[in-house]
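What follows is a set of notes on a single structure, which appears directly below.
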Amino acid sequence: MSRLNVLLVEDCEDDALLILRALRQGGFEVTSQRVQEVAALAEALAQPWDVVLSDFSILGFSGMDALLLCRSLQSDVPFILVSGTVGEEMAVAVMKAGANDYVMKHSLTRLAPAVRRELDDTARRASLRRTELALIDSEKRFHAFMDAGPFVASIKDQDCRYMYMNKGWESTYGADGADWIGRLDTLSAAQLQTVSLVSDQDIVASGRAHETIQSFPLSGSAVSYRKTIRFPFIGSAGHCLLGEISTDVTALKQSEETIRRLAFLDPLTALPNRRLMHDRLGHALALAHRSKQHGALLFLDLDNFKTINDTHGHDAGDQILKLVAARLCAGMRIQDTVARTGGDEFVIILEKLSGDADIAAREVDAIGNDILCLTSAPYEHDGVAYRISASIGVVLFCGTEHSSDELMKRADIALYSAKAAGRNVQMIFDPVMQARVALRNAQEEDLRLALERQHFVLHYQPQVDDTGTLTGFEALLRMQHPGKNVVMPDAFIGLAEETGLIVELGYWTLRTACEQLYQWSKLPATALLTVSVNVSARQFSDEALVERVLAIVQQSTIDPARLILELTESMMLDQVDSTVVKMRALRRSGIRFSLDDFGIGFSSLSYLKRLPLHEIKIDREFVNNITHDANDAVIVCAIIALAQGFGLSVIAEGVETVEQQVFLESRGCHRFQGYLFGRPVPLPLIDLSTLTPEKSAVTLM
Ligand SMILES: Nc1nc2c(ncn2[C@@H]2O[C@H](COP(=O)(O)OP(=O)(O)OP(=O)(O)O)[C@@H](O)[C@H]2O)c(=O)[nH]1
């Protein structure tokens, strides 16, 4: 039994009972309300009903009135006219006005089936309506989504004609979508190829998705990049449709490009960096192997580039590096690689040289000379002219006999030789070079170990005044491996300078000398002795020099006035200003300075004026000859007069004979150092036992 909630518009109670009975007999479990006035009908229609059954002639209003009221208040409820009197014509009019059916009172057996049918129809209509609404809603959502997203979308039919496009499509292509519905795309096969696309027809035929990154100019702006996914799918009619979604990946592509640049290009010159150079070298080796042609690897390093930075600033240095890079690129062939691998280092890879080694060497030689010429031509930046040269190390290759690492090592060795040969030259690698470098490396290692294992000692050479009184010592560095002979500085200082080890060696010397000075300071007889220590140019240019020297002096608790640092003239050449600043800072603490080897270098009176010196040391070269070379004698006299003029102390080194001493004394030099008074000797050989505070006298054993 199905439930039925009936609104009965009937003024005859008997008829109403008959109608309800017919419904129950027809299988309904009926609940009902009967109305017979318009007001009551309107009130009843405020509630939902399954069906409205209405007589046609009711007291005071007609079935037509009931129908119209019903439609205005509940448009969808089934309305069935149940009447005994209405004529055919009226019945048709009522049906046209929206009644669902018409049943005569004398054939009420029709009523229940008519009601059931109407209930079914109403349910179907409601379901259809719901589907329709859902569809409208879904379509609205689809459009809202497709138009709001940052992408371009379109759908084409099985003939590849446009069926749909979103707002993104319209704005990207600047076209009205409506004009394109039903049309085909107009890109030719060649155009499709240039943007790596296959035709719509091919995609439909293959049934496979196609994906690509497209780059094309858009709306006059720079190049934009779009990723396009085109995929076939089956539409409602079983046809294969084509969907296309493109997203703007410009920013992504730009980021990728930036990452690529950072990873492989040198940011200053935009040349390939070391990593990319390595990769290109690998390819060049493979090519040389296949083609049996030679290639060459050139390491180029600018000469004394540091001077440009120091004199004109880092920015000017950068500009010169860029100009050098531009010249190198302009001077090379298209197949060659120019890379920047570090500060002022460039690498050039030459490919496709001759298969004959001699000819290839001549080719490289010519190219290398061209590079030397083009790099050494003057540069101009900001109205200033710059000159710089380069040194080049070259290694030839053919095939993959040597790894790229080995080739780079060899080019580096050749470059080192070019630098050692005086710069502004190119050197082609040869095995003798390699042996020399191996030897040098071994010596460097030896030096490093010697420093680490404390295989250095200080020898002390006395300095005396004209009464023969010991005034102090010069501390002199020697290398001494256990059980071996003493090695003089000439054998290792050059290498120590080159490798930078001289700096640490210098601090070691200073520390050791200060410790000794402290030992002497504890005894009254030796308390006034001074110690002179040589400081190399490289050490003096150490940023931390002042700090470290003061720390050593402080730690050893010596009187700084007993320490004399010996500088050479040559170190004034490049960096007078910074040297003066450092000297003054140390001078303030009491440390004194002696100018070593005076007279042999580029002595300038202006140094003597500017430097906070305490003493000038006359070089042994002049002292040696003073008794038999008139020129040297004149120079020595001038140096002594100069020192006196500037109020500086003067000491002569290399004094070996009494004649020399007498000469010097007669000219006003009263302090001496030389074999006449004592050779440099290790500490245990110095006997200070006879010294008294009044008159120092040193006996050398
Ligand atoms: N302006 C600038 N200088 C740099 C850059 N990278 C490194 N340098 C400097 O380049 C110089 C390279 O010096 P080196 O090659 O060791 O020495 P050099 O003065 O060229 O002398 P030689 O090579 O021995 O002839 C150093 O002073 C670095 O500080 C850079 O990107 N810009």
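Just follow the structure's listing: the first ligand is 1, and inside any ligand the first atom is 1.
Relative orientation of the Phe473 and Tyr460 rings is perpendicular, given thresholds of 30° and 60° on the angle between their planes.
Between Arg440 and Glu498, at least one side-chain N (NZ, or NE/NH1/NH2) sits under 4.0 Å from a carboxylate O, which counts as a salt bridge.
Relative to the six-membered ring of Phe492, Arg478 misses at least one condition, a distance below 6.0 Å or an angle of at most 45° to the axis. Phe264 does not carry Arg260 over the face of its six-membered ring by the limits of under 6.0 Å from the centre and within 45° of the normal.
The aromatic ring centres of His294 and Phe397 sit 6.0 Å or more apart.
Pocket lining of ligand 1, defined as residues with a non-hydrogen atom under 4.0 Å away: Asp301, Leu302, Asp303, Asn304, Phe305, Lys306, Asn309, His314, Gly317, Asp318, Leu321, Arg340, Gly343, Asp344, Lys419, Arg423.
Between the side chains of Thr307 and Asn304, not a single donor N or O lies within less than 3.5 Å of an accepting N or O.
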